[in-house]
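Single-structure report; data block below.
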Amino acid sequence: MASYQVEYAKGVEKDFRKIPAKAAKRIAAAIDKLGTNPRPAGSVKLVGFELEYRIRVGDYRVIYQIHDSVLVVLLIEIGHRKDIYR
């Protein structure tokens, strides 16, 4: 399986810095794994969107797009589950 390049949409890195260090470390590990497997066990395709998926990392969610034609995973949003879908 080819490896995907993980890219960040504008503002995602800023969101990531707001997350507590312990949770951020777990999220960073999950994001690193998306490069080798963009559809891990537990990933969910979001209803009503063509390319968007999400993974759960504790109380946090990572929303991303998979562009198979160019082997890119684009991170769209990272946040706490109570805020992410607003």
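Rounded to the nearest 0.5 Å, atoms CD1 (I76) and CG (D15) are 12.0 Å apart. Interatomic distance, E77 CD to E52 CD, rounded to the nearest 0.5 Å: 11.0 Å. Atoms CD1 and CD1, from I78 and I19 in turn, are 5.5 Å apart once rounded to the nearest 0.5 Å.
Open room surrounds NZ on K25; 12 or fewer heavy atoms of other groups in view lie less than 6.0 Å from it.
Between the side chains of N37 and Y4, no donor-acceptor pair of N or O atoms lies under 3.5 Å.
Between the side chain of H67 and the main chain of S69, no donor-acceptor pair closer than 3.5 Å is present. Between the side chain of K45 and the backbone N or O of E50 there is at least one donor-acceptor pair closer than 3.5 Å. Put simply, the side chain of K22 never gets that close to the backbone of R26: no donor and acceptor are under 3.5 Å apart.
Cluster membership for L74 and I63, using ILVMFWY side-chain heavy atoms within less than 4.5 angstrom, is not shared. A single hydrophobic cluster is not seen to contain both V44 and Y64; linkage of ILVMFWY side chains at heavy-atom distances under 4.5 Å, directly or through other members, places them apart. The hydrophobic cluster containing I31 also contains L71, counting ILVMFWY residues as joined when their side-chain heavy atoms lie under 4.5 angstrom apart, directly or transitively. In the hydrophobic clustering of this structure, Y53 groups with V6; members are Ile, Leu, Val, Met, Phe, Trp, Tyr whose side-chain heavy atoms approach within less than 4.5 Å, directly or through other members. I55 is connected to I66 through a chain of hydrophobic side-chain contacts under 4.5 Å among Ile, Leu, Val, Met, Phe, Trp and Tyr, so both are in one cluster.
Nearest heavy atoms, F16 versus A24: CZ-O, 3.4 Å.
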List the steps and the verdict of salt bridge (charged side-chain N to carboxylate O under 4.0 Å, His left out) for R39 and D68.
-> CA-CA 11 Å; R39 295 176 183 88; D68 289 313; 2.7 Å; yes
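Between L34 and P40, some side-chain heavy-atom pair lies under the 4.5 Å cut-off. Residues Q65 and V73 have side chains not in contact (no heavy-atom distance under 4.5 Å, counting atoms from C-beta outward).
Between R61 and D83, no side-chain nitrogen of the basic residue sits less than 4.0 Å from a carboxylate oxygen of the acidic one, so the salt-bridge criterion is not met.
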